[in-house]
2 protein chains.
Amino acid sequence: MATIKDIAKSAGVSVTTVSRALNGYSDVNDKTRKLIEDTAKQLNYSPNTLARSLVMNKSQTIGLLVSELNRSGAKDMFTYEVMCGINDSASDVGYDLILFSTNSVMQKQKSYTQLCRERQVEGVIMQGIKMDDPYIKEVIDSNIPCVFVDVEVEGKDVGYVTTDNVFGAQMAVKHLINLGHTEIAMVNGHDQAHVSAKRRKGYERELTDAGLPVRDTYILNGEFLEPMAEAAAFPFLQAHPEVTAVFCASDLMALGVMRAAKRLGLRIPEDLSIVGFDDIVLSEYTSPPLTTVGQDKYQMGYEAAKLLTSILKNDDPNQKMCVLDNRLIVRETTAPPRK
Amino acid sequence: MATIKDIAKSAGVSVTTVSRALNGYSDVNDKTRKLIEDTAKQLNYSPNTLARSLVMNKSQTIGLLVSELNRSGAKDMFTYEVMCGINDSASDVGYDLILFSTNSVMQKQKSYTQLCRERQVEGVIMQGIKMDDPYIKEVIDSNIPCVFVDVEVEGKDVGYVTTDNVFGAQMAVKHLINLGHTEIAMVNGHDQAHVSAKRRKGYERELTDAGLPVRDTYILNGEFLEPMAEAAAFPFLQAHPEVTAVFCASDLMALGVMRAAKRLGLRIPEDLSIVGFDDIVLSEYTSPPLTTVGQDKYQMGYEAAKLLTSILKNDDPNQKMCVLDNRLIVRETTAPPRK
DNA sequence: TTGTAAGCGTTATCAA
DNA sequence: TTGATAACGCTTACAA
């Protein structure tokens with residue numbers, strides 16, 4: 001592998017000149033530059049970013065920390081789509097992405113800060129992380145710039161990207177109320193997710209605004225998992241025939257509720273209306289197709305990387321968060337209640 | 001950020017000793033080691049892998065080159081699941097992953113070799129790349145170890161992981177023949193995919209083995225895309241009512257054919273049997289659920305990274321490829337033909 | 001068992 | 001406009 005030394009020797013100039021010529025500095029003679037560029041090409045030179053990063057103390061790398069990057073994520077594609085957005089945005093501004101995957105085992109061995117500093121990443125994007133994850137505290141304490149996806153944490157050089165979860169939930173519930181439903185249950189995700197609290201808040205607020213009672217017994221825990229949602233919904237729906245609609249905090253859980261309803265012989269949407277959240281790819285393909293609150297996952301990723309790079313450049317010190325819109329997508333799992 | 005120099009100074013020893021102590025060399029006094037480890041902890045030291053890589057000329061990094069890492073991949077989840085496998089396998093052996101995403105624009109600016117050398121990756125895994133992609137030739141020419149997913153290329157330090165596509169296709173077609181079908185069409189992917197040729201070969205071989213004719217007009221091109229498959233299948237099925245079964249080279253294309261069939265008023269599987277390939281998440285959720293040839297995508301990724309690291313360690317110079325099994329998953333899109 | 005010194009491939013400071 | 005030289009944080013002969 002050719003280095004600038006080789007070029008310098010071959011071109012008969014000093015390494016300093018080579019470095020400056022190749023980096024486009026103005027204080028180098030056109031003829032010299034031409035000569036250097038030619039020999040560089042001839043020697044098939046590529047710069048060594050490791051060495052450059054070392055001396056400049058800038059790695060042009062963003063760490064991507066995905067908690068439990070694993071197959072279970074395959075179903076909702078959330079992680080993947082966000083990642084695509086991050087990737088596009090990062091490469092737009094010349095950053096490379098390094099993938100840290102962590103699980104609780106590794107986490108015990110290596111702290112967040114260690115992970116980042118070892119690889120000298122300039123900043124990190126964290127995704128799929130639970131509110132009680134020890135990494136979060138570390139991030140606040142460390143001074144490594146970081147952007148969270150769907151966790152509302154703020155601090156010096158720490159920001160987040162999310163969608164308006166309260167509003168999204170309100171839209172979903174309002175849609176059901178407008179159809180005439182009054183007995184509306186909710187299947188929520190686990191408490192360790194920021195979005196759970198938000199979506200519940202939207203659910204409760206909308207009920208209250210419509211003058212409907214909020215009943216704790218109507219709120220089930222589906223852990224964001226399809227089978228857990230099914231397991232929770234089955235006995236509930238059996239015990240509560242008065243319930244005509246269910247709002248689910250994720251599409252995956254909505255699938256579980258659909259399964260439970262089918263096992264109980266309930267027709268969707270005639271006997272039971274269901275609304276999900278996320279608009280995962282699957283939701284278009286279920287039968288019937290799922291009404292849901294759509295989030296632009298790609299854009300979330302794109303904005304996350306954009307926010308991080310702007311923090312890195314210290315563009316706008318006040319811009320520490322990004323709340324995107326979401327929208328109601330009415331498909332075929334919702335209809336007026338049967339009376 | 002503390003460096004070994006800081007530790008050396010603070011502990012009153014030389015940097016050499018610090019380096020050796022921290023790296024577990026045996027030729028260092030237990031007491032000294034203890035002292036060094038303590039001060040390292042106290043100073044909250046993390047090693048700088050950049051510096052280490054530079055001097056050792058080993059980056060402990062694998063490049064992940066995904067052609068067009070984008071939203072269109074969201075539907076089949078193929079890329080994502082393979083990535084999960086790669087990630088797990090790589091972290092098992094202490095490698096980090098750096099994500100190169102390329103599109104044809106960037107590719108013009110930067111060659112494969114440049115990309116790799118700049119970031120000093122030790123090896124690369126290439127995924128989603130077409131047979132006519134210029135990067136492939138570059139790989140062969142460069143001497144950077146590389147493993148392809150689903151492209152059968154071999155060379156010095158170059159290998160691949162795939163599943164037995166010919167056999168998979170044969171299973172699919174045999175299943176249809178066993179059900180009693182004789183007029184079996186195929187919707188294939190584009191010619192730039194290695195797997196297209198293989199799956200076609202399996203299709204033709206199985207027909208021939210069963211004494212059935214192979215008709216070129218029965219082989220359509222769906223470009224691996226759902227809408228293209230639908231567009232190709234619609235007029236074909238209309239013009240060929242004698243066809244009672246279709247084998248598709250991907251599940252996504254099978255979805256397209258199902259759409260076309262529905263538009264033509266054909267019932268699945270009564271009027272038309274359909275078999276896909278891949279076993280994507282969606283295939284379980286279509287109505288009816290899709291019969292398909294399942295590939296373990298996670299395992300493909302896992303084996304790819306394992307193969308690459310074994311090439312890097314020069315474990316077994318003859319082990320340059322890995323062909324995994326696939327299996328027929330019979331769901332509800334296949335049935336005996338109506339007579 | 002420990003330390004000195006050179007070197008990895010860059011960039012940056014300063015003087016020429 | 002150019003070139004010595006030091007520095008980035010680390011590993012590794014080699015010497016002590």
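Hydrogens, waters and symmetry mates play no part in the numbers below; they use all other heavy atoms, side chains included. Each chain gets a letter, A, B and so on, in the order its sequence line appears, and its residues count up from 1.
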Can you check nucleotides 12-16 of chain D for protein contacts, nitrogen or oxygen pairs under 3.5 Å, and list what you find?
unit_1	atom_1	unit_2	atom_2	d
D/dT12	OP2	B/Tyr25	OH	3.0
D/dT12	O4	B/Thr16	OG1	3.4

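Between the two ends of the helix from C/dT1-D/dA16 to C/dA16-D/dT1, each summarised by a five-pair axis, the helix axis turns through 40° (rounded to 10 degrees).
Of all the residues in residues 38-51 of chain A, A/Tyr45, A/Ser46, A/Pro47, A/Asn48, A/Ala51 reach under 4.0 Å from DNA chain C with at least one non-hydrogen atom.
The side chain of B/Lys5 places an N or O atom within less than 4.0 Å of a non-bridging phosphate oxygen (OP1 or OP2) of D/dC8. Side-chain N/O atoms of A/Thr3 include none lying less than 4.0 angstrom from OP1 or OP2 on C/dG9. Note on A/Thr17: a side-chain N or O is less than 4.0 Å away from OP1 or OP2 of D/dG3.
Scored by the side-chain hydrogen bond (donor to acceptor under 3.5 Å, both in side chains) test, B/Asn44 finds no partners at all (sequence neighbours excluded).
Taking the side chain of A/Val13 as heavy atoms from C-beta on, and the options D/dG3, C/dT2, D/dG9, the nearest nucleotide is D/dG3.
Under 4.0 Å is where a charged nitrogen must lie from a carboxylate oxygen, and between A/Lys34 and A/Asp30 no such pair does.
In summary, the side chains of A/Tyr302 and A/Asp92 do present a donor paired with an acceptor at a separation below 3.5 Å, with no hydrogens or angles considered.
Put simply, the side chain of B/Thr61 gets close to the backbone of B/Ser59: a donor and an acceptor are under 3.5 Å apart.
Sorted by first and then second residue, the salt bridge (charged side-chain N to carboxylate O under 4.0 Å, His left out) pairs with a member in residues 43-59 of chain A read A/Lys58-A/Glu122; sequence neighbours excluded. For residues 141-155 of chain A, the salt bridge (charged side-chain N to carboxylate O under 4.0 Å, His left out) pairs, not counting sequence neighbours, are A/Lys137-A/Asp141, A/Glu152-A/Lys198.
Position along DNA chain C of the nearest nucleotide to B/Asn29 versus A/Asn23 favours B/Asn29 as the more 5'-ward residue.
The shortest distance between side-chain heavy atoms of A/Leu99 and B/Ile98 does not fall below 4.5 Å.
As judged by a 4.0 angstrom heavy-atom cut-off over every strand, A/Ser53 is placed among residues making no nucleic acid contact.
Whole-Å rounding puts the B/Asp30 CG to C/dT1 P distance at 8 Å.
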